[in-house]
Structure formats: structure tokens, C-alpha cells
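Below you'll find the structure, written out as C-alpha cells, and then a few comments.
In what follows, residues are counted from 1 in the order of the sequence shown.
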Amino acid sequence: TGVLANSSIPKPADSLVVYYSTPTTGNIGGRSGADALCLSSLDNDSISLFNNSCNSVRAILSIDSNDEIRDMASNYSIPTNKTVRGDTGRRFADSWDNLTAATSYSIYSASAALGYTIDEHWSGSESSGELNANSHCINWTSEDGGRTGRTGVAKNSSYASEILDKLFAMHYQNCNYQLRLLCVCF
């Protein structure tokens with residue numbers, strides 16, 4: 001019939017897939033609420049076109065000093081030896097370590113990998129993935145407009161260090177503002 005089943009289409013080796021959630025205020029519900037929002041935003045049909053498995057989902061978000069972006073690989077067993085792709089299937093980084101290391105030079109077009117959006121996302125972090133001590137919407141449990149949360153943006157640049165500088169640490173937004181989360185499935 002000329003139609004290929006998804007299972008017969010060659011796919012790259014399993015990758016980590018980074019994608020955006022639906023928008024939310026800073027009152028996400030902490031780690032469990034953030035991960036649940038990422039899970040409900042996962043488009044398995046699209047991701048299965050270029051990835052063989054996606055069994056775990058996490059929000060790429062610093063919650064508190066024990067749960068920071070820079071510690072996610074050890075806290076949640078995120079593989080550090082797999083290519084990171086955006087939900088478009090395009091390569092985002094050579095590995096999780098490249099994505100979370102502020103000195104990496106193996107980062108590709110972040111915006112292209114995530115569908116050319118320039119939207120900010122909640123991060124709660126500095127560019128190193130360390131918790132921003134004052135801007136995390138009370139561990140992501142508050143939408144008080146008088147409080148702020150740290151944001152990041154996936155931007156294009158020919159310099160990997162510039163992409164990483166902005167991915168986790170771009171601006172500050174009031175906690176009642178609606179932004180997306182950056183999520184990872186693995």
C-alpha cells in the first residue's frame with residue numbers, strides 16, 4: 001500500500017527528549033506537580049516517531065537546594081550518555097551533561113530543537129543549574145504576584161555558552177505569570 005508502520009521506520013538510538021509543558025503559574029505543586037504537568041503534556045505519538053522509549057518524565061526545574069537542575073541526573077537516574085533531542089526530533093545536545101554544564105560546547109540550536117519558540121519557561125535556576133535562592137515561587141507552590149520565579153529561554157546562537165547562559169537563567173517573572181516548564185522524558 002506504500003504506507004509504513006511506525007515500527008518499521010528506522011529511529012536513532014534512544015535519546016532523552018526535551019519538550020515544553022502547557023503554561024502554568026508558579027503554583028505548580030512542587031516537584032510532584034511539576035512532573036505531573038510534564039507527564040500530561042507529553043505527546044507520545046509524536047515522540048515515538050523518533051524515539052524508541054520514554055518511560056520517565058521530569059520537569060527540568062530547580063525546586064530547592066536538594067533538588068536542583070544540576071543534580072537531576074543523580075537524583076532521578078537521568079542517563080548522561082544519551083543524545084538529547086527536542087520534541088521536533090532535532091539534536092539539542094550530545095548528552096545530559098552537555099546540557100547542564102555551563103562550559104559545554106556540544107549544544108546545538110536550542111530554539112530549532114524545540115520548534116523555534118522564543119517563549120520563556122520557569123527554571124528557578126542560575127545558568128549553572130543551581131537553585132536561585134530567592135526566585136522559585138516558594139519551591140513552586142505560590143502564584144503570589146509579589147514574588148518572582150527565575151526563567152530561562154531556548155534561544156539560537158552560534159555560541160553554545162550563550163545558549164546555556166539563557167537556557168536556565170534569562171529573566172525573573174512574577175509568580176502569577178503563566179509560563180511553560182521545560183520537560184525531559186527518558
Side-chain angles (χ1 to χ4, degrees), residues 16-42 56-76 78 80 84 86-87 92-93 96-104 107 110-111 113-157 159-186:
L16 306 178
V17 180
V18 176
Y19 63 97
Y20 283 120
S21 74
T22 55
T24 181
T25 66
N27 187 9
I28 304 166
R31 169 57 64 194
S32 61
D35 291 344
L37 179 60
C38 283
L39 181 60
S40 71
S41 300
L42 178 65
S56 299
V57 173
R58 293 286 177 185
I60 303 175
L61 190 67
S62 289
I63 305 292
D64 59 36
S65 61
N66 296 310
D67 188 357
E68 300 171 305
I69 292 171
R70 67 181 180 177
D71 302 323
M72 288 184 67
S74 59
N75 286 353
Y76 302 110
I78 296 175
T80 58
V84 180
D87 58 358
F92 191 98
W96 179 261
D97 286 343
N98 291 145
L99 183 66
T100 58
T103 58
S104 170
I107 299 293
S111 178
L114 293 166
Y116 291 100
T117 181
I118 56 169
D119 294 342
E120 289 183 48
H121 53 267
W122 294 118
S123 73
S125 296
E126 297 302 330
S127 59
S128 64
E130 176 184 7
L131 177 74
N132 179 294
N134 299 312
S135 292
H136 50 74
C137 300
I138 311 176
N139 307 106
W140 305 108
T141 61
S142 173
E143 61 184 40
D144 179 348
R147 294 188 173 276
T148 60
R150 188 76 154 138
T151 68
V153 67
K155 70 175 282 186
N156 279 337
S157 173
Y159 300 101
S161 59
E162 186 175 320
I163 293 171
L164 286 173
D165 279 348
K166 306 301 182 215
L167 188 60
F168 302 134
M170 181 69 174
H171 293 121
Y172 299 90
Q173 289 289 353
N174 292 339
C175 295
N176 62 344
Y177 201 75
Q178 294 251 341
L179 294 175
R180 299 172 191 230
L181 298 179
L182 194 58
C183 306
V184 61
C185 73
F186 54 98

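Taking every heavy atom of both residues into account, Leu61 and Gly124 meet most closely at CD1-N, 4.4 Å. Taking each heavy atom of Thr24 and Asn27 in turn, the nearest pair found is OG1-O, 4.5 Å. Considering every non-hydrogen atom in both Ser123 and Ile69, the closest pair reads O-CD1, 3.9 Å. Across all non-hydrogen atoms, the minimal contact from Ala34 to Ala59 is CB-CB, 3.6 Å.
Under the side-chain contact (heavy atoms from CB on, under 4.5 Å) criterion, Thr80 pairs with Ala73, Trp96, Asp97, not counting sequence neighbours. The side chain to side chain donor-acceptor pair (under 3.5 Å) test applied to Glu68 returns Arg70, not counting sequence neighbours. A search for side chain to side chain donor-acceptor pair (under 3.5 Å) contacts involving Asp67 returns Arg31, Tyr76, not counting sequence neighbours. Under the side chain to side chain donor-acceptor pair (under 3.5 Å) criterion, Ser135 pairs with Thr148, sequence neighbours left out.
Remark: Tyr20 OH to Leu181 CG distance equals 10.5 Å, nearest 0.5 Å. Rounding to the nearest 0.5 Å places SG of Cys185 at 10.0 Å from CG of Leu39. Atom-to-atom distance recorded for Asn139:CG and Ser62:OG is 10.5 Å, nearest 0.5 angstrom.
The ring-ring contact (aromatic ring centres under 6.0 Å, His included) pairs that include a residue from residues 125-154 are Trp122-Trp140, where partners are two or more places apart or lie in different chains. Screening residues 124-148 for salt bridge (charged side-chain N to carboxylate O under 4.0 Å, His left out) gives Glu126-Arg150 as the qualifying pairs, with residues at least two apart or on separate chains.
No donor-acceptor distance shorter than 3.5 angstrom exists from the side chain of His121 to the backbone of Phe168, with no hydrogens or angles considered. The backbone N or O of Asn176 sits nowhere less than 3.5 Å from a side-chain atom of Asn174 that would complete a donor-acceptor pair. Thr22 places no side-chain N or O within 3.5 Å of a backbone atom of Ser41 that could act as its donor or acceptor partner.
Looking at Ile60 and Leu167, their side chains never come closer than 4.5 Å, going by heavy atoms from C-beta outward.
With respect to Thr151, the side-chain hydrogen bond (donor to acceptor under 3.5 Å, both in side chains) criterion is satisfied by exactly one of Arg180, His171, Glu120: Glu120.
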Item to check | Audit row: Cys175, Cys137, disulfide (SG to SG under 2.5 Å) steps and yes/no | outcome: CA-CA 6 Å; Cys175 295; Cys137 300; 2.1 Å; yes
